[in-house]
Amino acid sequence: SPEVAALAMSGSSALVAVAEGILGGKSAKVVKKIEESGHTREELTVVVDACYKLIRLTIDESRAEEFRKAAKDIFARGA
C-alpha cells in the first residue's frame with residue numbers, strides 16, 4: 001500500500017540522515033549501501049546490520065554502536 005511505501009521511504013531517508021549526522025564526511029559508503037537496499041522493514045533491518053559492520057571495520061566501533069542505536073530508535077518510532 002502507499003502508506004507502507006511512505007513509511008519505508010521515511011525509514012531509509014531517516015537512516016541516511018542518521019548516517020550522515022554520525023559519520024560526516026565518512027558516510028558515503030554507508031549511505032550508498034542504504035540507498036541500494038530495499039525499503040521493507042526486513043530489508044532495512046538487514047542493511048542496518050551490514051552498515052554497522054562496515055562502520056565498525058572502516059571507521060570505529062563507537063560510531064557503529066551510535067548508528068545502530070539511532071537506527072533502532074527510528075524503527076521504534078515506526079519508520
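Distance check: Lys29 NZ to Ile34 CD1 gives 14.5 Å after rounding to the nearest 0.5 Å. To the nearest 0.5 Å, atoms OG (Ser27) and CD1 (Ile22) are separated by 10.5 Å. Lys69 NZ to Tyr52 OH: the interatomic distance, rounded to the nearest 0.5 Å, is 14.0 Å. Atoms CZ and CD, from Arg68 and Glu61 in turn, are 9.0 Å apart once rounded to the nearest 0.5 Å.
When all heavy atoms are compared, the tightest approach of Leu15 to Ala71 is CD2-CB, 3.6 Å. Heavy atoms only, all atoms of each residue included: Gly38 and Leu44 are closest at O-CD2, 3.6 Å. The minimum heavy-atom distance linking Ile55 with Arg63 is given by the pair CG2-C, 3.9 Å.
Looking at residues two or more places apart in sequence or on another chain, you find a salt bridge (Lys or Arg N to Asp or Glu O under 4.0 Å) between Glu36 and Lys32. Every side-chain contact (heavy atoms from CB on, under 4.5 Å) that Thr58 has, sequence neighbours left out, goes to Leu54.
A salt bridge does not link Asp60 to Arg56: none of the charged nitrogens lies less than 4.0 Å from a carboxylate oxygen.
Counting heavy atoms from C-beta on, the side chains of Thr45 and Phe75 come closer than 4.5 Å.
Residues Glu43 and Thr40 have side chains that bring a donor and an acceptor to within less than 3.5 angstrom of each other.
Identified under the salt bridge (charged side-chain N to carboxylate O under 4.0 Å, His left out) test for residues 44-54, with sequence neighbours left out: Asp49-Lys53.
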